[in-house]
Amino acid sequence: MVRTRFAPSPTGYLHIGGVRTALFNWLFARHHGGQFVLRIDDTDQGRNQPEALQPILDGFRWLGIDWDEGAEIGGPYGPYYQSERLDRYQSAVKTLLAKGLAYHDYATPDELKAEREAVEKEKRPYLPSRRWMAETDAERTRFESECRKSVVRLKMPREGTCRFHDRIRGDMAVAWNQETDHVIQRADGSCLYNLANVVDDFDMRITHVIRAEEHLSNTPRQIFIAQGLGYPLPEYAHVPFVAEPGSKNKLSKRKLAQYLKNPDFRSAYEHGQAIAAAVRLTTHADTFNPVIVDFYREVGYLPDAIVNYLLLLGWSLDDKTEFFTRAEMIAHFSLERVNKGAASFDVKKLRAFQERYMALESVERKTELVLPFLRNAKLIADPPSAEETARVAAIVRAAGERIKVAGDILDYAAFFQSDDEVIYDEKALNQHIRKPEAAALLRKLREQLATATFEVKALEDLALRFAAAEGVKLGAINQPLRVAVTGKAIGFGTYETLSLLGRERCLARIQRVVE
RNA sequence: GCCCCCAUCGUCUAGUGGCCUAGGACAUAGCCCUCUCACGGCUAAGACAGGGGUUCGAGUCCCCUUGGGGGUACCA
């Protein structure tokens with residue numbers, strides 16, 4: 001039985017790079033009919049867990065990445081929160097100590113520092129001298145009589161080579177003497193990552209450790225621990241990290257200011273901000289930006305688009321397949337086709353996937369997606385009446401493929417606002433309305449519209465006849481009309497716009513604008 | 001410093017010694033469609049980091065250099 005895991009820390013937000021790693025774990029498990037475990041890495045005591053964990057779990061659920069065991073649902077190999085597993089780690093430390101594979105180290109930080117600096121001055125690679133190592137009770141008593149405190153360190157081999165196979169990178173070999181004596185337990189009894197990780201993976205019967213490449217260098221020391229504890233070794237697969245837009249640096253949640261210098265990133269960010277502002281969402285730059293999954297949910301992206309994009313960030317099936325249903329992803333995913341090089345995160349390409357997926361959605365589905373945005377922006381009632389919903393559907397239909405993300409419905413706020421709420425774009429006014437001939441034309445047109453049938457075909461006929469009679473191009477009347485009734489120079493077809501708005505509002509708005 | 005990993009168009013990638021005058025997608029530019037926008041259609045520009053080998057033949061194998069990343073923490 002294949003079992004994989006992802007172990008997020010409760011940081012309050014779900015990072016795009018983390019999701020990609022989790023997705024690969026999930027796909028691998030599902031492909032093999034195995035299980036996916038969501039373990040919580042909450043060893044950092046400083047943080048308050050429940051609030052910080054919720055957004056992460058919500059994010060995974062929203063994306064449709066479900067877990068068979070772990071946070072909130074439990075399972076047979078729990079607890080799944082590292083903070084509840086201290087006794088397991090401590091007993092592992094005891095075993096390692098008893099086998100002589102670890103030792104108590106009584107060195108003070110200053111002593112260690114001095115030792116290291118001395119060696120570095122001579123330009124020799126540093127390995128601890130083990131001068132303050134205590135392996136017997138007598139030695140411990142002696143050091144403790146000096147009021148020293150001890151940590152537990154791994155007693156790493158100093159000769160030979162650690163060899164292991166990585167499903168993505170191939171055969172690996174690292175000389176043991178490159179490994180320092182890593183601390184596995186602090187003086188206060190708490191345990192460190194390398195130890196905890198190995199113990200958890202064993203306890204949870206993880207068969208395949210699929211994680212980011214920054215852990216590649218940690219692998220030998222973890223193998224040492226696992227072997228010392230008599231655990232079978234899992235298979236390893238180190239996936240490349242997700243890099244920054246336009247660079248090969250690792251994507252970081254802390255470098256938002258820098259990413260905003262990237263025009264694509266910036267425009268995605270601003271687009272999101274505009275939608276958030278319209279729906280009165282209070283945002284924090286820390287959690288509301290295109291590096292965080294929540295951002296996409298708030299703005300109205302489709303989870304399938306994000307997952308499909310992420311799948312292709314470091315993995316490909318062949319030279320042409322781009323779109324995958326979940327079932328297809330699961331059927332085709334393999335570690336062997338994961339790339340070795342880091343892939344940079346491209347918001348524009350993500351957006352392109354979103355556009356393609358959105359175009360596939362039915363009007364009914366898009367209407368559902370869009371309703372919450374209108375409600376939060378107070379443009380429709382909560383809950384919306386059947387009449388309102390039907391009207392939204394009509395507008396969504398008229399919008400065609402113009403609604404790329406659900407939040408884009410807010411571009412069409414003019415359809416929901418009262419006549420005096422409509423905001424007119426200055427540039428559009430200057431270009432299409434504030435010209436003597438345009439205003440005159442609009443007045444004449446308004447007279448005809450007063451008695452017209454407000455249906456697309458009839459309006460089109462009217463416009464055609466009017467244009468011919470006046471000897472102007474169609475654009476010369478359609479453009480000012482659109483601006484007059486929506487406030488914007490861009491939008492969908494003028495006849496659709498007029499018919500959707502209805503005679504009363506159109507006449508009122510034209511009236512307002514020509515005055 | 002030492003150790004490890006990585007390297008094809010701006011970006012994601014295909015490529016596993018001859019099928020490569022290097023293919024696709026996103027982005028970009030031009031044209032077409034057109035009442036605006038969006039969609040769509042067509043076209044263009046655009047890459048094997050550099051240098052040595054191996055081989056009849058190298059993007060593909062080996063070495064070096066360069067560049068990027070990671071580890072070397074009482075972070076994960």
Side-chain angles (χ1 to χ4, degrees), chain A residues 7-9 11 41 43-44 82 105 109 112 116 119-127 149 151-153 166 168-170 172-175 177-180 182-188 190-194 196-197 211-221 238 240-241 243 245-250 264 309 312-323 339-353 355-356 359 399-404 408 411 428 431-432 460 463-464 467 473-483 486 488-495 497:
Chain A
S9 339
T11 50
D41 185 353
T43 47
D44 189 352
Q82 290 192 323
D105 182 20
L112 243 28
R116 185 185 310 254
V119 169
E120 277 169 6
K121 205 172 284 174
E122 294 172 40
K123 297 207 162 101
R124 284 188 293 120
Y126 172 73
L127 279 179
K149 293 240 186 295
V151 299
V152 178
R153 286 182 185 276
D166 186 285
I168 293 169
R169 317 220 162 221
M172 305 291 304
V174 183
N177 66 12
Q178 292 304 323
E179 289 284 324
T180 187
H182 302 281
V183 174
I184 53 174
Q185 185 173 44
R186 297 186 182 93
D188 67 4
S190 60
C191 293
L192 274 349
Y193 169 75
N194 282 302
N197 205 259
R211 66 206 333 183
E213 70 173 303
E214 56 258 41
H215 296 286
L216 187 58
S217 304
N218 295 332
T219 307
R221 71 199 66 151
H238 289 91
F241 55 78
S247 117
K248 289 294 180 198
N249 292 7
K250 190 176 142 191
D264 297 340
Y309 169 73
L312 263 15
L313 202 57
W315 181 88
S316 66
L317 176 63
D318 53 30
D319 60 343
K320 51 181 170 296
T321 316
E322 305 173 79
F323 295 95
N339 266 298
K340 293 189 214 174
S344 46
F345 178 61
D346 181 355
V347 280
K348 278 278 241 316
K349 186 138 185 176
L350 203 199
R351 167 115 183 154
F353 273 96
E355 291 177 7
R356 296 291 293 270
E401 296 185 6
R402 274 166 273 241
I403 296 173
K404 315 288 193 193
D408 285 342
D411 287 343
Q431 221 162 6
H432 300 290
E460 184 179 2
L464 252 19
K473 286 189 194 165
L474 209 47
I477 59 170
N478 281 339
Q479 293 270 69
L481 258 184
R482 183 186 293 104
V483 174
T486 67
K488 295 179 180 185
I490 56 175
F492 28 88
T494 299
Y495 318 125
T497 303

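Numbers restart at 1 for each chain; the letters A, B, ... are given by sequence-line order, proteins then strands. Note that these values count all heavy atoms, side chains included, but never hydrogens, waters or copies made by symmetry.
- B/U8 and B/G46 have their C1' atoms separated by 12 Å, with the value rounded to a whole Å.
- Partners of A/Asp319 by side-chain contact (heavy atoms from CB on, under 4.5 Å), not counting sequence neighbours: none found.
- For B/C2, the paired nucleotide is B/G71, the pair qualifying as Watson-Crick or G-U wobble because both relevant distances are below 3.5 Å.
- Across the strands present, B/G18 finds its partner in B/C56; the criterion is a Watson-Crick or G-U wobble pair with both atom distances under 3.5 angstrom.
- Using a 4.0 Å heavy-atom cutoff across all strands shown, A/Gly314 reaches sugar-phosphate atoms only and no base atom.
- The minimum heavy-atom distance linking A/Met172 with A/Leu216 is given by the pair CE-CD2, 4.0 Å.
- Among the protein residues, A/Gly400 comes within range of no part of the nucleic acid, since none of its heavy atoms lies under 4.0 Å from any strand.
- On the P atoms, B/C64 is 16 Å away from B/A7, given to the nearest whole Å.
- Look at the P atom in both B/C12 and B/A47: the space between them is 16 Å, to the nearest Å.
- When both distances must be under 3.5 Å, the Watson-Crick or G-U wobble mate of B/C48 does not exist.
- Aromatic rings of A/His182 and A/Tyr193 (six-membered ring for Trp) have centroids beyond the 6.0 Å cut-off, not under it.
- By the side-chain hydrogen bond (donor to acceptor under 3.5 Å, both in side chains) test, A/Ser190 is found to be paired with A/Arg186, A/Asp188, residues two or more places apart in sequence or in another chain being considered.
- Applying the Watson-Crick and G-U wobble criteria (two distances, each under 3.5 Å), B/C39 pairs with nothing in any strand.
- When rounded to the nearest whole Å, the span between CD1 of A/Ile477 and P of B/U36 equals 13 Å.
- For the OP1/OP2 pair of B/A14 and a distance below 4.0 Å, the side-chain nitrogens and oxygens of A/Ser316 include at least one atom meeting the criterion.
- Remark: A/Asn339 pairs with no residue by the side-chain contact (heavy atoms from CB on, under 4.5 Å) rule, at least two apart or across chains.
- Residues meeting the salt bridge (Lys or Arg N to Asp or Glu O under 4.0 Å) test with A/Arg351, sequence neighbours left out: A/Glu355.
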(message) So if I define the base as every atom that isn't primed, P, OP1 or OP2, how would nucleotides 21-28 of chain B read as a B/S/- string at a heavy-atom cutoff under 4.0 Å?
(response) --BSBSS-

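- At a cut-off of 3.5 angstrom, the base of B/C5 holds no donor-acceptor pair with the side chain of A/Arg169.
- Across A/Tyr309 and A/Asp346, no two heavy atoms sit closer than the pair OH-N, 2.8 Å.
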(request) Summarise how protein sits on nucleotides 61-74 of chain B as a single string, 5' to 3': B when a protein heavy atom is under 4.0 Å from the base, S for sugar-phosphate-only contact, - for no contact. (result) -------SSBSSSB

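- Of the nucleotides present, B/G10 is the one that pairs with B/C26 by Watson-Crick or G-U wobble criteria, both distances under 3.5 Å.
- Using atom C1' as the reference point in both B/G15 and B/C9, the two lie 14 Å apart (nearest Å).
- Comparing B/U16 with B/C61, their C1' atoms sit 11 Å apart, to the nearest whole Å.
- One atom, CD of A/Gln479, and another, C1' of B/U34, lie 11 Å apart when rounded to the nearest Å.
- No contact: A/Asn197 has no heavy atom under 4.0 Å from any strand.
- Between A/Ala476 and A/Ala173, the one whose closest nucleotide on RNA chain B sits nearer the 5' end is A/Ala173.
- A search for salt bridge (Lys or Arg N to Asp or Glu O under 4.0 Å) contacts involving A/Glu179 returns A/Arg221, not counting sequence neighbours.
- If you take atom P in B/A58 and the same atom in B/A49, they sit 16 Å apart, rounded to whole Å.
- Across the interface with RNA chain B, nearest-nucleotide mapping of A/Asn478 and A/Ala243 shows A/Ala243 to be the residue nearer the 5′ end.
- Atom P of B/G41 sits at a distance of 10 Å from the matching atom of B/C26, rounded to the whole Å.
- To the nearest angstrom, P of B/C37 lies 17 Å from CG of A/Asp408.
- For A/Ala467 against A/Leu474, the heavy-atom pair with the smallest separation is CB-CD1, 4.1 Å.
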Name the pairs: protein N/O against N/O of nucleotides 43-50 of chain B, kept only if under 3.5 Å.
none

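- Residues passing the salt bridge (Lys or Arg N to Asp or Glu O under 4.0 Å) test with A/Arg402, sequence neighbours excluded: none.
- With sequence neighbours left out, A/Lys473 forms a side-chain hydrogen bond (donor to acceptor under 3.5 Å, both in side chains) with no residue at all.
- Computed from coordinates, the A/Phe492 CZ to B/C39 C1' distance equals 14 Å when rounded to whole Å.
- Within 4.0 Å of A/Lys488, counting heavy atoms only, lies no atom of the nucleic acid at all.
- Here the side chain of A/Val174 is nearest to one of B/U13, B/C6, B/C3, namely B/C3.
- Closest of all the heavy-atom pairs between A/Leu317 and A/Thr321 is CD2-OG1, 4.0 Å.
- For the P atom pair drawn from B/G52 and B/C32, the interatomic distance equals 48 Å after rounding to whole Å.
- The nearest whole Å value for the distance from the CD atom in A/Glu401 to the P atom in B/C37 is 16 Å.
- Looking at residues two or more places apart in sequence or on another chain, you find no salt bridge (Lys or Arg N to Asp or Glu O under 4.0 Å) involving A/Asp411.
- Considering only residues two or more places apart in sequence or on other chains, A/Glu214 meets the side-chain hydrogen bond (donor to acceptor under 3.5 Å, both in side chains) condition with A/Lys250.
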